Structures are given as structure tokens and as C-alpha cells.
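Here is the structure we will look at, set down as C-alpha cells.
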There are 4 protein chains.
Amino acid sequence: MNTGGRPRSEEARLAVLHAVDDLLLEVGYSAMTMKSIADRAKVSRATVYRWWSTKAEVLFEASALDSVKELTIEASGDPRADLVAYLDALAVFLSRSPAGIAYRVLLTEARGDAAVAELFSSRDVLGDTSRPVLERALPGAVGDRVLASFIGPVFFWAASGRDPADLDARELVEAFLRSVRP
Amino acid sequence: MNTGGRPRSEEARLAVLHAVDDLLLEVGYSAMTMKSIADRAKVSRATVYRWWSTKAEVLFEASALDSVKELTIEASGDPRADLVAYLDALAVFLSRSPAGIAYRVLLTEARGDAAVAELFSSRDVLGDTSRPVLERALPGAVGDRVLASFIGPVFFWAASGRDPADLDARELVEAFLRSVRP
Amino acid sequence: MNTGGRPRSEEARLAVLHAVDDLLLEVGYSAMTMKSIADRAKVSRATVYRWWSTKAEVLFEASALDSVKELTIEASGDPRADLVAYLDALAVFLSRSPAGIAYRVLLTEARGDAAVAELFSSRDVLGDTSRPVLERALPGAVGDRVLASFIGPVFFWAASGRDPADLDARELVEAFLRSVRP
Amino acid sequence: MNTGGRPRSEEARLAVLHAVDDLLLEVGYSAMTMKSIADRAKVSRATVYRWWSTKAEVLFEASALDSVKELTIEASGDPRADLVAYLDALAVFLSRSPAGIAYRVLLTEARGDAAVAELFSSRDVLGDTSRPVLERALPGAVGDRVLASFIGPVFFWAASGRDPADLDARELVEAFLRSVRP
DNA sequence: GCATAATCGAGACGGTACGTCCCGTCTTCTG
DNA sequence: CAGAAGACGGGACGTACCGTCTCGATTATGC
């Protein structure tokens with residue numbers, strides 16, 4: 001058996017992923033086309049299609065790694081400070097980071113596009129990154145409801161286009177903690 | 001003076017708005033095209049363009065009226081019950097109602113499309129409808145932060161595709177009230 | 001029986017006919033639209049359609065009168081000079097006059113458009129105007145073949161875009177006369 | 001160096017040229033649209049536009065080769081017979097042949113459309129094909145005036161919709177020769 | 001070193017939506 | 001009634017992108 005053939009160009013792969021990041025910020029999701037991605041990456045259109053079926057897929061791969069990286073909070077020893085740090089990171093992520101913008105866009109796309117929904121089924125970025133932080137502060141009490149109460153306010157703030165700088169994460173965490181501990 | 005001209009067809013207007021509602025649910029926002037709207041509404045494409053510039057605009061008009069209607073909670077005399085009713089209505093709105101789906105999609109579209117962002121600047125549906133209900137329960141204390149804490153959890157729940165039936169609005173309201181009243 | 005009603009506006013009629021003449025020269029036949037005619041004539045589109053079915057019809061009416069006028073040669077007493085005068089008039093008509101341009105365009109349109117062909121069946125402008133002049137020079141000898149020999153060279157000259165000033169009508173008439181009188 | 005790219009489809013090219021020929025006869029020039037050409041040729045509209053800017057350009061290419069072919073008269077040894085043969089061919093060409101119809105239509109279109117006029121500047125089909133035949137009969141005497149006298153009558157005959165069968169080419173040639181040789 | 005094989009670029013292909021323009025018809029108001 | 005205004009359904013315009021394809025050129029592997 002011949003396992004030969006020219007190997008995939010890592011250079012091309014990275015060029016595409018970076019192009020997608022750039023274009024998302026510059027022109028937005030709907031104005032970003034497979035053609036504009038290929039042109040920006042200086043790669044042929046066929047090369048993009050060879051490795052990704054849709055722009056949602058490219059975008060997902062482009063943001064997946066960054067998402068976890070940007071939302072991972074090291075344990076500082078002070079669980080309450082970690083919660084504040086997480087919300088701060090989340091606010092910036094959802095409002096400013098290409099990966100976070102991509103996350104919001106793809107989440108919206110997921111409704112009405114089963115292929116995109118499928119991408120999310122394998123990985124719950126916000127849940128996976130927030131749960132450890134929450135567990136440190138509230139051991140054993142972290143269900144979906146509590147998680148939504150923690151993340152929701154910041155998520156809504158970012159989604160509705162408000163400035164993350166106007167958020168007071170410390171105040172939000174205190175309110176959150178009051179809400180779970182009567 | 002001649003004020004002439006054939007009057008606008010109300011029939012055509014409504015057909016378009018209904019077509020948009022239908023298509024949003026059936027095929028989703030990005031697969032919905034101006035052509036498919038016109039075809040579904042049995043209206044010429046030019047007629048759609050005559051009155052709306054983009055599909056975002058049609059969608060906004062189609063959902064604006066319904067949005068307020070679906071989120072308006074009559075004062076029952078029990079402010080706490082009204083909060084519960086609002087969150088229930090909000091969960092259904094964001095997860096199931098065409099108007100609510102449209103709201104989420106347009107909000108995402110607003111980032112990176114100034115024209116869509118402009119549409120929202122004139123009308124803050126969630127704020128306008130929730131603020132009166134909150135004011136009845138917490139007179140004088142309703143800033144943006146409090147509003148985000150109230151709405152956020154449900155918004156996140158719906159945005160991440162979770163079932164609104166699994167939400168316990170009563171519990172959410174109690175947690176919310178604990179968070180604001182130390 | 002009611003014979004009342006507002007009478008047709010002669011002003012509008014003339015405005016349309018002049019607009020057609022102007023547009024034919026300025027933008028050519030195919031770029032001339034019913035809308036541009038109406039706009040140029042400062043007349044409503046419906047008014048144009050009320051009196052003419054197609055732009056070919058307007059053009060025909062606009063050029064019919066002028067055509068005969070421009071090609072009618074008074075008998076000078078010298079039949080040969082009249083032939084020269086006719087060819088000179090014909091060259092200018094076909095190359096420069098709006099009516100003549102219209103004539104050539106409509107003649108081409110006639111092939112493949114029965115409605116336009118119909119317009120010509122009632123009136124043979126070139127035949128009607130040239131025949132009397134020819135009869136004066138060659139009594140009794142004017143068949144279609146002779147007429148074609150007389151008109152043809154100038155017609156071809158104009159049709160192929162050559163300058164009418166480069167034509168020597170006197171020489172053409174002499175050649176023509178040599179050709180018919182052995 | 002990469003000179004790559006999928007090669008042009010000769011099949012598509014011919015399908016378009018034939019479609020144009022067919023449509024010209026069936027529906028005429030103005031009713032022939034770029035869309036109808038593409039549909040008839042079973043080719044995408046973009047493919048037509050990729051290679052030709054306007055329907056005039058397609059039509060020109062479709063008729064150019066045939067035009068010369070249909071109007072080329074082999075020297076028979078009898079110059080006078082060759083002139084008759086040319087006029088016969090010309091009459092059929094202008095009245096019946098798709099290429100000839102196209103020639104007449106484009107010539108009319110050339111007035112008022114500089115792009116079409118440009119097409120003709122590179123190639124004078126009637127002049128190029130008739131001049132050699134004329135030179136054999138009248139060596140050294142073939143100017144534009146003589147050429148117009150030779151071609152004009154047949155051109156007018158065809159342009160005004162008369163039947164080419166009613167033309168007597170032999171008689172026309174004799175008249176022509178009388179006109180040039182006193 | 002030389003076939004094999006997969007990648008890469010370039011760019012044509014059939015297709016579809018875009019937003020615009022004009023078609024010819026209509027509906028309403030004004031003169 | 002005529003005429004102006006202008007909306008209507010329809011359809012072609014020329015452009016852009018879709019996803020697929022067919023090339024020649026390149027870069028690995030394995031004989």
C-alpha cells in the first residue's frame with residue numbers, strides 16, 4: 001500500500017484560521033465568504049473546501065482553542081477572586097475577543113442549522129471553563145441553574161452590546177453569592 | 001397639488017411580514033433570502049425592496065410589535081408573581097416565539113452591521129418591558145446591572161439552546177431577590 | 001350618449017414625439033425606454049401607453065411626417081438636377097436626420113417583429129418620394145429594380161456609417177443614368 | 001511557474017454561438033436576451049459574460065466566420081460570372097443567412113453604440129469579400145463609390161424586406177457594368 | 001531515481017441570490 | 001374623461017459567491 005502524497009500544508013491551515021479571525025472582526029459573519037477567506041489567506045478556494053465544509057466549521061476551529069485559553073482561570077487560592085476573574089475574562093471574551101464573537105455568532109447560527117448545533121454538542125466551552133471555578137467557591141452546588149445565574153448577566157450584557165468596562169464584576173459576584181447562599 | 005399615486009398595498013405588507021416569520025422558523029436567518037421572502041409572500045421582489053432595505057429590516061418590523069405584546073405583563077397586585085410571569089414569558093419568547101428568535105438573531109447581527117445596530121437604538125424591547133415589572137417589585141433600585149441580573153440567566157438559558165420548560169422561574173426570581181436584598 | 005370628458009392634450013403628444021426624436025440621437029434605439037421617453041417628455045408613463053403601444057410606434061409617428069417632408073423634391077424643370085437633389089437629401093436623411101435614423105432602425109426592427117413590419121406596409125417612404133422624381137427623368141421605366149439601383153448606393157453608404165459629405169451625388173446620378181440607358 | 005486553471009470549454013463556446021444564431025432567427029435581436037442565450041445553450045449566464053460583454057459581441061463572433069465563408073467567390077475564369085455569383089450570394093446572405101441578418105442588425109446597432117461600431121472597424125466584411133471579385137472584372141477602378149454602386153442595390157433590396165428571389169443578379173451586374181464603363 | 005499519490009494554485013463550470021431597472025398594468029387623486 | 005403619481009407583479013440586467021471540476025506544478029513516500 002502506498003501512503004504517499006504531498007502532506008497537508010500547515011502554513012495554509014494557519015493562514016486560513018487567521019484570515020477567519022480577521023474577517024470576523026472586520027466585516028462580520030454574514031459578509032465573510034469562503035472566497036474572501038481564501039483570498040485573505042492567499043490560499044486557493046479548493047484548499048479551504050478540502051479541509052472545512054462551511055465557514056461555520058472554519059470559524060469553530062479557529063476559535064475553539066482560543067476560547068478555552070481565554071477563559072481558563074488558574075486557582076489563586078481565593079475562590080471569590082477567581083469568580084471575579086472569570087467574569088472579567090468572560091466579559092472581555094464575549095465583547096472583544098474574536099473567539100468570543102465567533103462563539104456568540106455560532107451559537108445563534110446553531111438554531112436552524114443542525115450542522116452548527118452538532119459542533120457545540122461535543123464541547124460546552126462556557127460550562128467547561130466556568131464549572132471548575134464555581135466548584136471551588138460552591139462545592140457540590142453547581143447545577144445548570146446556578147451556572148446560568150452566574151454567567152447569564154455577563155452574557156446578556158455582552159450580547160446586548162453594552163461596554164464590558166461598565167460591568168462591575170466584583171459586585172456581580174457578590175450579588176451572585178447572595179443569591180445562592182440565603 | 002397632486003398627492004396622487006396608487007396607495008401602498010396593506011395586503012402585500014402583511015404577506016411579507018408573515019412570510020418572514022415563517023421562514024425564520026423553517027429555514028433560519030441565513031438561509032432566508034430576499035427572494036425566498038418575496039416568493040413565499042407571493043409578492044414581487046421589487047415590492048419588498050421598495051419598503052425594506054435588508055432582510056434585517058423586514059425581520060425587525062415583523063417582530064417589533066409581537067415582541068412587546070408577548071412580554072407585557074399586567075400588574076396583578078403581587079409584584080413577585082409578576083416577576084415570575086415575566087421570566088416565564090421571556091423564556092418562551094426567546095426560545096419559541098418567532099419574534100424572540102428574530103430578536104436574538106438581530107442582536108447578533110447588530111455586531112458588525114451598523115444598520116442593524118441602528119434599529120435597536122430606537123427601541124430596547126427587553127429593557128422597556130422588564131423595567132416596569134421590576135420597578136413594582138424594587139422601586140427605585142433598577143439600574144442596568146440589576147436588570148442584567150434579572151434577565152441574564154434566562155437569556156443565557158435560551159441562547160445556549162436549553163429547554164425553557166426546565167427553567168424554574170419561581171426559583172430564579174427568589175435567587176434574584178436574594179441577590180438584590182442583602 | 002356621453003361624448004364629454006377631458007380632451008387629449010396636444011401638448012403632451014408633441015412633447016412625447018420630440019422626446020423620442022431627441023433620445024434616438026442621444027442614446028440610440030435600444031437604450032431608449034418607454035420610461036425615459038415619459039420622463040424626458042415630462043409626461044406620465046400611462047399617458048404614453050394610452051396612445052402608443054410600443055416605442056416603435058411612437059418613433060414611427062414621430063418620424064413619418066418629417067420623412068416625407070425631408071425627401072420631397074420640388075420639380076425644378078431639370079429632371080437630372082432633381083435626381084441629384086434627391087440623392088443629396090436622401091444621404092443627409094439617412095445619416096443625420098432623426099427621422100432617417102428612425103427609418104433605418106425601424107426597418108431593421110421590422111425583420112422579426114411583425115408589428116413593426118405592419119407599420120411599413122401602409123407607407124413606403126423611400127419609394128413614394130423617389131418614384132415621382134425618377135418618373136420625371138425616366139418616364140415609364142421605373143420598376144423596383146431601377147429604384148433599387150438608384151437608392152441602393154446611397155442607402156448602403158449611409159448604412160455602413162460612411163460620411164454623406166464624401167458622396168458625389170452628381171457622379172452617382174450619372175452612373176445611374178448610364179446604367180439604365182444602354 | 002503556474003499557468004494553471006481549468007481550460008475553457010470549447011463545447012460551451014460553440015453551444016453559445018449556435019444558440020445566438022438560432023435565437024436571432026426565432027425571436028429577433030431585441031427579444032434575444034443574455035438569459036435566453038444562456039438557457040438555450042444550456043450554459044450558465046456567468047459563462048456567457050465571462051467571454052462576451054454584450055449580445056452584440058456574441059452575435060458578431062457567431063457571424064464573423066460564416067459571413068466571410070458565405071461571401072467568398074472562387075475565381076471561375078469569367079469575371080462577369082463571378083460578379084453575378086457574388087450578388088446572388090450577397091442577396092441570400094442578407095436576406096436568409098443568420099450571419100447576414102446579424103450583419104444588418106449589428107450595422108444598425110453600431111450607430112449609437114460605440115462598442116459595436118468598434119467591432120466593425122476591425123473588419124469590413126462586405127468590402128473585403130467584394131473587392132477581390134470586383135478587381136478581377138475592373139482592375140484598378142474599385143473605389144468606395146464603385147463598391148457602393150455594386151453592393152448598394154442588393155443591400156437596399158434585402159434591407160427593405162424584398163424577396164431575394166425576385167432579384168435578377170445578371171441584369172444588376174450588366175447595369176452596374178454599364179454604369180462604370182461609359 | 002523514478003513511479004505513485006495527494007496537495008496546492010489557478011481558474012472555468014453550472015447555478016442562484018443579489019439589488020436595480022424597466023416592463024405594462026393598476027389604483028387613486030386632481031383638473 | 002385625461003393626466004400625474006406611483007405601487008404592483010414580473011423579469012432581465014450584470015455581479016458576486018456558491019461548491020465542483022479540471023488542469024499543471026509541487027512535494028512527499030516507497031520501490
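Please read all numbers here as calculations on a predicted model, not as lab measurements. So that the names make sense, note that chain A is the first sequence line, chain B the second, and so on, each numbered from 1.
Rounded to whole angstrom, the span from the NZ atom of C/Lys42 across to the P atom of F/dA5 amounts to 11 Å. Taking atom CG on C/Asp39 and atom P on F/dA4, their separation rounds to 12 Å, with Å as the unit. For the pair C/Tyr49 OH and E/dG24 C1', the computed distance is 5 Å after rounding to whole Å. Separating the CE atom of C/Met34 from the P atom of F/dA4 is a distance of 14 Å, rounded to the nearest angstrom. If you measure from atom NZ of C/Lys35 to atom C1' of E/dT25, you get 16 Å, rounded to the nearest angstrom.
For A/Arg6 against E/dA6, no side-chain N or O and base N or O form a donor-acceptor pair under 3.5 Å. Side-chain atoms of A/Arg8 and base atoms of E/dT7 include no donor and acceptor less than 3.5 Å apart. A donor N or O paired with an acceptor N or O is not found under 3.5 Å between the base of F/dG9 and the side-chain atoms of B/Arg45.
Remark on DNA chain F: of its neighbouring residues C/Trp51 and B/Pro7, the 5'-side contact belongs to C/Trp51, judged by nearest-heavy-atom nucleotide. Between B/Ala46 and D/Ala46, the one whose closest nucleotide on DNA chain E sits nearer the 5' end is D/Ala46. Residue order along DNA chain E, read from the 5' end via each residue's closest nucleotide, puts D/Ser44 first among D/Ser44 and C/Met32. The residue among C/Thr47 and A/Lys55 whose nearest nucleotide of DNA chain F lies closer to the 5′ end is C/Thr47.
For B/Arg13 and B/Trp51, the positive end is not near the middle of the six-membered ring at less than 6.0 Å and at most 45° from its axis.
Heavy atoms of other residues, nucleotides or ligands lying less than 6.0 angstrom from CZ of A/Arg123 number 12 at most.
Two rings, from C/Tyr103 and C/Phe120, have their centers less than 6.0 Å apart.
For D/Arg50, taking side-chain heavy atoms from C-beta onward, the closest of the listed nucleotides F/dT20, E/dA12, E/dG15 is E/dA12. Checking E/dC18, E/dG9, F/dA12 against every side-chain atom of A/Val43, the shortest atom distance belongs to E/dG9.
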Let me have the donor-acceptor pairs involving side chains of residues 18-25 of chain A, under 3.5 Å, with sequence neighbours excluded, atom names and distances please.
from: A/His18; atom 1: ND1; to: A/Leu14; atom 2: O; distance (Å): 3.3
from: A/Asp22; atom 1: OD2; to: A/Arg40; atom 2: NH1; distance (Å): 3.4

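In this view, B/Ala56 and B/Tyr29, B/Thr54, B/Leu106, B/Val116 satisfy the side-chain contact (heavy atoms from CB on, under 4.5 Å) rule, not counting sequence neighbours.
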